[in-house]
Amino acid sequence: MPELPDVEHLRRTWARDTAGRTIRRTVVTDPGILRGDVTPDVLDAALRGRRLEEPDRIGKWLLARTDGPTVILHFGMDGGLRWAESPDGRHRHDRVIFVTDAGEMRFRNMRKLGGLWLAHDEGALATVLAQVGPDALALEPREVAARLRTRRGQVKSALMDQALLSGVGNLIADEILWQARLHPKRRLEELTDQGLLDLARVTRSVLREAVNRYDYLSRKRSWLNHVRGRPGAACPRCGTPLERTVAAGRTTWFCPACQPAPPAA
DNA sequence: TCAGTTGTTTATAT
DNA sequence: AATATAAACAACTG
């Protein structure tokens, strides 16, 4: 699930459920989810007795702050959070559990892409996030356009480059390009300034609406993601059968009528 | 059995 | 130097 809107949802979940709580202990059921030099003992010692504070988010990264260290979570392809009042019903993919004075937050992650980092101060936090660009939703469209303008090559590749702009994943990139009527393999250097600005505006509007709907973008019938990936699916705008290709190394769906291919090389 | 999966990193090639 | 591609990671679903 996790692209920017999903992680924002997780951030709000974390904030709501852990507000005012104190960490009693942490349970690491699978050390293979720990990143950097943190170990189960180090994590527990660092967090025991700490008060949970308002979490932040940059792109797909959740920064779970305490009155001491910050826990950094990345959810990979299928990670998530579950809050429970008691230790009952833990799932085998709950890799780390933050036990508080009134319930526990579980970091679930089936495939163990992503993981957990621990930063003892802002310097360590900056080190972990050194390659992460500005949050895609925190920038004005003109700023997004200016960043895109520094790049050449396939537009989808740039949208998904987390160092250029953080938060846009494969599904959202397809949605943005479909709404902007741009073929995923169009080249950035071919786009006009106005074209880039339009793309940046669509980017913000897709992210904003997905975040404000509070879950994801799949329910909206007028959007590509409502039908994306289904065999024989038709473009919600014009009814043309969607096509599948690979761009930026990822499965990509687009409408061949609304998103005309770039001129052959 | 095999292909496919919302992400990132690394290696390799162009 | 930038960009493009593929593989690897891990665990599951259909």
Side-chain angles (χ1 to χ4, degrees), chain A residues 1-11 29-36 57-62 72-81 91-96 107-117 127-133 135-136 147-178 183-191 203 206-207 210-211 213-220 223-233 242 244-254 262 265:
Chain A
M1 279 180 47
E3 296 190 44
L4 186 153
D6 310 277
V7 179
E8 176 59 17
H9 177 59
L10 294 171
R11 190 193 69 77
T29 65
D30 184 349
I33 200 65
L34 302 180
R35 303 287 179 254
R57 179 190 57 73
I58 299 177
K60 305 170 190 174
W61 298 77
L62 178 63
I72 304 165
L73 297 176
H74 193 292
F75 298 91
M77 293 245 233
D78 50 43
L81 295 170
H91 189 277
R92 54 193 285 253
H93 297 142
D94 293 333
R95 311 290 186 185
V96 179
F107 175 44
R108 185 175 297 186
N109 194 317
M110 182 180 76
R111 291 172 67 190
K112 292 192 279 185
L113 306 175
L116 181 155
W117 290 253
T127 300
V128 174
L129 300 179
Q131 304 305 316
V132 180
D135 184 75
R147 287 189 157 257
L148 292 172
R149 197 174 293 129
T150 67
R151 292 282 303 264
R152 293 172 298 128
Q154 295 181 5
V155 61
K156 180 165 178 176
S157 178
L159 279 176
M160 292 206 304
D161 182 343
Q162 302 298 298
L164 189 70
L165 197 65
S166 79
V168 176
N170 194 34
L171 271 54
I172 291 177
D174 280 1
E175 184 68 41
I176 290 167
L177 291 167
W178 177 80
H183 190 283
K185 294 189 177 181
R186 284 288 296 275
R187 302 190 67 83
L188 282 163
E189 60 269 33
E190 298 171 345
L191 301 185
T203 298
V206 166
L207 290 172
V211 163
R213 288 177 72 80
Y214 205 65
D215 50 3
Y216 192 16
L217 30 74
S218 58
R219 287 188 197 158
K220 188 140 191 195
W223 281 21
L224 175 72
N225 270 270
H226 185 65
V227 296
R228 183 192 182 281
R230 295 224 291 264
L242 298 177
R244 191 189 124 125
T245 183
V246 173
R250 309 298 301 278
T251 293
T252 297
W253 290 89
F254 67 102

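Each chain gets a letter, A, B and so on, in the order the sequences are listed, and its residues count up from 1. None of these values were measured; they are calculated from a predicted model.
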Measuring from atom CH2 of A:Trp223 to atom CD1 of A:Ile172, what distance do you get when rounded to the nearest 0.5 angstrom? 8.5 Å
Starting at CG of A:Leu159 and ending at P of B:dT6, how long is that distance when rounded to a whole Å? 16 Å
Would you please name every residue forming a salt bridge (Lys or Arg N to Asp or Glu O under 4.0 Å) with A:Arg35, sequence neighbours left out? none
Treat a base pair as Watson-Crick or G-U wobble with both distances under 3.5 Å, then lay out DNA chain B in dot-bracket form, 5' to 3', with | for cross-strand pairs. .||||.||||||||
By side chain to side chain donor-acceptor pair (under 3.5 Å), A:Glu189 pairs with (sequence neighbours left out) A:Arg187
Any chance you could list the contact pattern along nucleotides 1-8 of chain C? Use B for base contacts, S for sugar-phosphate-only contacts and - for none, protein heavy atoms under 4.0 Å, 5' to 3'. -SSSS---
Calculate the interatomic distance between A:Met77 atom CE and C:dC9 atom C1'; express it in whole Å. 10 Å
Do any N or O atoms from the side chain of A:Gln154 and from the backbone of A:Arg186 form a donor-acceptor pair under 3.5 angstrom? no
How would you list, by chain and number, every residue that makes a side-chain contact (heavy atoms from CB on, under 4.5 Å) with A:Thr245, sequence neighbours excluded? A:Lys185, A:Thr252, A:Phe254
In whole angstroms, how far is the P atom of B:dT6 from the CG atom of A:Leu207? 17 Å
Find every protein N or O atom lying less than 3.5 Å from an N or O atom of nucleotides 12-14 of chain C, and list the pairs.
{"from": "C:dC12", "atom 1": "OP1", "to": "A:Arg92", "atom 2": "NH1", "distance (Å)": "2.2"}
{"from": "C:dC12", "atom 1": "OP1", "to": "A:Arg92", "atom 2": "NH2", "distance (Å)": "2.8"}
{"from": "C:dC12", "atom 1": "OP1", "to": "A:His93", "atom 2": "NE2", "distance (Å)": "2.8"}

Between A:Arg250 and B:dG4, does any side-chain N or O lie under 4.0 Å from OP1 or OP2? no
Between A:Lys60 and B:dG7, is there a side-chain N or O to OP1/OP2 distance below 4.0 Å? yes
Measure from CG on A:Leu10 to C1' on B:dT6 and round the result to the nearest Å. 12 Å
Please name all residues satisfying ring-ring contact (aromatic ring centres under 6.0 Å, His included) with A:Trp178, sequence neighbours left out, ordered by chain then number. none
With A:Lys156, which residues qualify under salt bridge (Lys or Arg N to Asp or Glu O under 4.0 Å), at least two apart? A:Asp174
Take atom P in C:dA6 and the same atom in B:dA3, then report the distance between them in whole Å. 16 Å
Check every atom of B:dT8, B:dG7, C:dA11 against the side chain of A:Leu113 and return the nucleotide holding the closest atom. B:dG7
Taking N or O atoms only and anything under 3.5 Å, show me the protein contacts with nucleotides 9-14 of chain B, one pair per line.
none

Once you apply a heavy-atom cut-off of 4.0 Å, does A:Arg35 come out as touching a base, just sugar-phosphate, or nothing? nothing
Taking salt bridge (Lys or Arg N to Asp or Glu O under 4.0 Å) as the definition, give me every residue that meets it alongside A:Arg95, ordered by chain and number, with sequence neighbours left out. A:Asp30
Salt bridge (Lys or Arg N to Asp or Glu O under 4.0 Å) partners for A:Arg11, two or more places apart: A:Glu8, A:Glu54
Any pair counted as salt bridge (charged side-chain N to carboxylate O under 4.0 Å, His left out), so long as it reaches residues 160-171 of chain A, sequence neighbours left out: A:Arg151-A:Asp161
Specify the separation, in whole Å, of atom CZ of A:Phe75 and atom C1' of B:dG7. 13 Å
Quick one: A:His91 NE2 to C:dA11 P, roughly how many Å, whole number? 13 Å
Expressed in angstrom and rounded to an integer, what is the separation of A:Leu129 atom CG from B:dT8 atom P? 12 Å
Nearest-angstrom distance from the residue atom CG of A:Asp78 to P of B:dG4: 18 Å
